[in-house]
Asks: 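Handing you a structure now.
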Amino acid sequence: MPTLATALLQGLKDHGARELFGIPGDFVLPFFKIIEESGILPVFTLSHEPAVGFAADAAVRYRSGLGVAVVTYGAGAFNVVNAVAGAYAERSPVVVVAGAPGARERASGLLLHHQARSVDTQFAVFREITCDQAVLDDPATAPQEIARVLRSARERSLPVYIELPRDMVDAEVAPVPVLPPRNAEADALAECAEEIVAMLGRAASPVVVVDVEVRRYGTEPAVATLARRLGIPVVTTFMGRGLLQQAPDVLRGTYLGSAGDPAVTRLVEDADALLLLGVILCDTNFALSEKRFDWRHTVLAIDRSVRVGHHVYPDLPIEELIAALLARTEGDAAPKPRALPPFEAYPRGLAAEDRALTPTDIATALNDLFDRHGAMPMASDIGDCLFTAMEIDNTALAAPGYYAGMGFGVPAGIGVAAATGQRPLILVGDGAFQMTGWELGNCRRYGLDPIVVVFNNASWEMLRVFQPESKFNDLSDWNFAGAAPALGGHGERVTTPKELVAALEAAVARRGVFSLVEVMLPRGVTSRTLGRFVSGLKSARDRQ
Ligand SMILES: Cc1ncc(Cc2csc(CCOP(=O)(O)OP(=O)(O)O)c2C)c(N)n1
Ligand SMILES: [Mg+2]
């Protein structure tokens with residue numbers, strides 16, 4: 001019989017995990033020993049647990065399956081809370097495996113190191129930011145508990161919490177089963193799909209809007225096929241940016257309301273039927289909408305339910321809905337795809353001039369770079385770097401576009417590299433780099449060589465655009481390029497388009513170490529998209 005540690009690792013692998021991210025501690029040392037010695041899953045240790053959570057989150061956003069963060073009790077687990085909260089908000093299935101005291105320590109009568117209010121405070125905290133939890137304190141039930149929780153993570157695409165008391169690691173247990181998926185009730189699925197096909201058939205200008213769940217459940221190709229077959233254009237939300245990268249023929253851009261491309265805004269807001277697939281109805285996606293949804297002609301499929309008009313079909317997985325829609329439009333004489341309004345081309349052709357840089361210059365230079373060398377998977381932090389990413393041609397992107405927590409970018413890029421073996425491009429502001437950029441020091445150990453573009457405006461610029469009078473937004477210049485060699489990478493500071501183009505070319509050619517390109521930006525100069533976002537928010541507030 002396997003031990004609980006090996007059964008848990010094999011169970012994680014059987015449910016789609018392909019690597020672990022973590023930081024050991026005495027309450028999880030025995031488990032880390034088995035992780036290292038068993039080799040069932042590779043483990044990437046990082047330097048601070050927020051990065052462990054961000055890396056696990058980004059890994060699963062790119063590769064699907066499960067992301068896994070292994071942390072010690074208390075100090076480690078509480079450190080990863082913010083990253084797990086962000087994964088919950090953005091529907092990323094991260095499994096937190098947290099060490100905990102064993103039965104003997106619990107019975108000691110002493111307050112335990114790393115304990116907060118009570119020994120069970122950790123469990124109570126994670127119950128708020130995960131969709132399912134298990135404490136593995138009984139060998140007889142542990143395999144079923146693990147199977148239940150891992151199925152929840154996959155079905156809901158949400159984080160889950162597994163607490164592993166340190167004296168249970170070597171307990172003999174049965175293998176962890178893979179429980180059968182819970183499918184939709186066939187009649188409900190049929191009725192729902194037929195109602196949607198009928199709604200779309202009556203519409204003269206329907207639009208499909210896609211967001212995170214379309215990626216989380218691996219349905220991008222099916223959505224593209226459906227859109228092609230029905231001649232319906234697809235747009236992404238801000239949060240869904242980077243989806244359907246492989247379907248440029250149906251994708252018409254990103255919907256940002258009044259902050260976005262006017263042609264895309266008109267397409268969505270003049271639609272007479274909206275099919276919202278995997279869409280998070282959040283402020284960063286829809287705060288700048290100039291029109292409210294007309295729910296009589298709107299469908300929203302997310303979190304295993306489908307709202308059609310003013311009624312809801314519960315417990316209906318999105319991947320089954322999309323398959324049912326395809327089955328009901330099989331062989332349809334696809335209507336002639338409607339001529340769509342031209343949408344804003346992404347900026348290209350940065351002239352190698354000697355002048356100050358703007359964030360949109362970075363987007364332009366990256367569009368040119370991707371045209372020359374092929375697109376790179378991207379990870380972005382929050383800040384103007386993410387708004388600038390909206391001006392980069394629709395490339396695969398992992399970013400906290402809804403939860404909007406800083407510190408995500410660099411660890412996420414490390415997670416993408418570890419999970420996919422691809423070389424990521426990371427976009428990060430100077431403020432966010434101060435938080436987790438130092439994780440780049442871990443690239444050397446794992447032979448990772450991301451390209452990192454630091455937007456250095458020596459400022460919390462996103463705060464300044466809303467509150468320009470505050471002096472606390474003025475940061476000092478940390479000279480990140482100068483620090484790069486100490487972390488095992490290459491750093492270069494650029495101040496003009498000419499230097500930027502050359503530095504990016506050199507970074508692409510340089511392999512084996514991370515390349516940090518520190519782009520100096522004048523304070524007060526933002527991307528075109530952030531500028532539109534701010535004026536859109538201000539006029540939305542004025543309208544209230
Ligand atoms: C963990 C966390 N703490 C504070 C904040 C609040 C915030 C949102 S944006 C921002 C400034 C970001 O500065 P940076 O230099 O990275 O980028 P830029 O604006 O383009 O100059 C802050 C402090 C958030 N979102 N998350
Ligand atoms: Mg900044």
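Position 1 is the first residue of the sequence; numbering continues from there. Each ligand, and each atom within it, is numbered from 1 in the order the structure gives.
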Asks: Looking only at protein heavy atoms, which one is nearest to atom 8 (C) of ligand 1, and what is the separation?
Replies: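 Ranking protein heavy atoms by distance from atom 8 (C) of ligand 1, first comes Leu463 CD2, 4.0 Å.
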
Asks: Strictly below 4.0 Å, N to O, side chains only: are Arg372 and Asp368 in salt-bridge contact?
Replies: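 Salt bridge flag = no for Asp368 with Arg372.
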
Asks: Regarding Arg216 and Glu213, does a basic nitrogen lie under 4.0 Å from an acidic carboxylate oxygen?
Replies: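 Looking at Arg216 and Glu213, the cut-off is not met.
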
Asks: What protein heavy atom is closest to atom 20 (O) of ligand 1, reported as residue, atom name and distance in Å?
Replies: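 Going atom by atom, the protein heavy atom closest to atom 20 (O) of ligand 1 ends up being Asp384 N, 2.8 Å.
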
Asks: Do the side chains of Glu290 and Arg266 get close enough for a salt bridge, i.e. N-O under 4.0 angstrom?
Replies: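 Counted as a salt bridge, because a side-chain N and a carboxylate O are separated by less than 4.0 Å.
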
Asks: In the protein, what heavy atom is nearest to atom 1 (C) of ligand 1, and what distance, to one decimal place, separates them?
Replies: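 For atom 1 (C) of ligand 1, the nearest protein heavy atom comes out as Met406 N, 3.6 Å.
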
Asks: Quick one: which ligand 1 atoms are inside 4.0 Å of a heavy atom on Ala404?
Replies: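 It comes down to these atoms of ligand 1: 24 (C), 25 (N), 26 (N).
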
Asks: Hey, is ligand 1 close enough to Met435 that some N/O pair sits below 3.5 Å?
Replies: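 No, Met435 has no N/O under 3.5 Å of an N/O on ligand 1.
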
Asks: Quick one: look up the protein heavy atom nearest atom 13 (O) of ligand 1 and list residue, atom name and how far away it is.
Replies: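 Minimum-distance protein heavy atom for atom 13 (O) of ligand 1 reads Trp460 CD1, 3.4 Å.
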
Asks: Considering distance alone, does some N or O of Asn82 sit under 3.5 Å from an N or O of ligand 1?
Replies: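 Between Asn82 and ligand 1, no N or O pair is found under 3.5 Å apart.
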
Asks: Which residue holds the protein heavy atom closest to atom 19 (O) of ligand 1, what is that atom called, and what is the gap in Å?
Replies: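 Of every protein heavy atom, Met462 N, 2.8 Å lies nearest to atom 19 (O) of ligand 1.
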
Asks: Considering only NZ, NE, NH1 and NH2 on the basic side and carboxylate oxygens on the acidic side, decide whether Arg91 and Asp303 come within less than 4.0 Å.
Replies: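 Here Arg91 pairs with Asp303 in a salt bridge, since their nearest N and O are under 4.0 Å apart.
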
Asks: Mind checking whether His114 and Phe27 have parallel, tilted or perpendicular rings, split at 30° and 60°?
Replies: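 Ring orientation, 0 to 90° scale: tilted.
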
Asks: Could you check which N/O/S atom of Asp430 is closest to the Mg ion (ligand 2)?
Replies: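 Answer by atom name: OD1.
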
Asks: Could you please compute the angle at the Mg ion (ligand 2) from OD1 of Asn457 to O of Ser459, rounded to 10°?
Replies: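 Taking the Mg ion (ligand 2) as the apex, the two atoms subtend 90°.
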
Asks: Can you find a pair of side-chain heavy atoms, one from Ile302 and one from Leu300, that are under 4.5 Å apart?
Replies: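 Result yes, sub-4.5 Å side-chain heavy-atom pair found.
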
Asks: Considering only the protein, which heavy-atom contact is closest to atom 18 (P) of ligand 1, and what is its distance?
Replies: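 Among all protein heavy atoms, the one nearest atom 18 (P) of ligand 1 is Glu461 N, 3.7 Å.
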
Asks: Name the option, out of Gly429, Ser459, Gly383, that contains the heavy atom nearest to atom 21 (O) of ligand 1.
Replies: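 Checking each option, the heavy atom nearest atom 21 (O) of ligand 1 is found in Ser459.
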
Asks: Can you tell me which residue and heavy atom of the protein come closest to atom 16 (O) of ligand 1, and the distance to 0.1 Å?
Replies: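 For atom 16 (O) of ligand 1, the nearest protein heavy atom is Ala432 N, 2.9 Å.
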
Asks: Should Arg215 and Glu220 count as an ion pair when the cut-off is N to O under 4.0 Å?
Replies: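 Glu220 and Arg215: salt-bridged.
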
Asks: Where is the nearest protein heavy atom to atom 14 (P) of ligand 1: which residue, which atom, and how far?
Replies: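 Its nearest protein heavy-atom neighbour is Gly431 N, 3.5 Å.
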
Asks: Any chance you could measure Ile382, atom CD1, to Tyr402, atom OH, to the nearest 0.5 Å?
Replies: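 It comes to 13.0 Å.
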
Asks: Please determine whether ring-ring contact (aromatic ring centres under 6.0 Å, His included) holds for the pair Phe286 and Phe293, giving the CA-CA distance in whole Å, both sets of side-chain angles, and the decisive distance to 0.1 Å.
Replies: CA-CA 10 Å; Phe286 297 102; Phe293 294 128; 5.2 Å; yes

Asks: Please report whether ligand 1 has a polar contact with Cys385, defined as an N or O pair separated by less than 3.5 Å (distance criterion only).
Replies: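 Not met; the criterion fails.
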
Asks: Are Tyr88 and Phe126, when compared by the centres of their aromatic rings, separated by less than 6.0 Å?
Replies: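 No, they do not, as the ring centres are separated by 6.0 Å or more.
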
Asks: Where's the contact between Asn457 and ligand 1, heavy-atom distance under 4.0 Å: side chain, backbone, both or neither?
Replies: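 Asn457 to ligand 1: side-chain contact only, backbone stays beyond 4.0 Å.
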
